[in-house]
Amino acid sequence: MKTDRATIVAAAQIIFGIIIFTSAWWLSDSQKTTALYIFGFVTVLIGIAIFSLLTAKR
């Protein structure tokens with residue numbers, strides 16, 4: 001199976017977003033956890049968008 005850079009970058013972005021999203025559980029401040037949930041969710045969405053844009057056949 002051949003892995004290209006688009007797959008590696010997208011996977012790293014998605015994993016980083018999941019780590020940010022789950023790290024909000026260990027914080028006690030409400031504002032910080034809400035911001036981390038949103039930031040982690042957006043990071044995962046950007047990773048999915050990167051994968052779909054970089055692997056699209058043109």
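Quantities reported herein were computed from a predicted structural model and do not represent experimental measurements.
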side-chain contact (heavy atoms from CB on, under 4.5 Å) involving Leu54 - partner list, sequence neighbours excluded:
Ala6, Ile50
Going by side chain to side chain donor-acceptor pair (under 3.5 Å), name the pairs with one or both residues in residues 9-23, residues two or more places apart or in two chains.
none
In chain order, what residues pass the ring-ring contact (aromatic ring centres under 6.0 Å, His included) check against Phe51, with sequence neighbours excluded?
none
CZ-CZ distance between Phe39 and Phe16, expressed to the nearest 0.5 angstrom
6.0 Å
Under 4.5 Å between side-chain heavy atoms, counting indirect links through other Ile/Leu/Val/Met/Phe/Trp/Tyr residues: same cluster for Ile48 and Ile18 or not?
yes
Residues clustering with Ile19 (ILVMFWY side chains joined when closer than 4.5 Å, directly or via others):
Ile15
Tell me, please, which residues at least two apart from Leu45 pass side-chain contact (heavy atoms from CB on, under 4.5 Å).
Phe41
Of all pairs that satisfy side chain to side chain donor-acceptor pair (under 3.5 Å), the ones with a partner from residues 36-46, not counting sequence neighbours:
Trp25-Tyr37
Closest non-hydrogen atom pair, Gly47 against Ala10:
O-CB, 3.5 Å
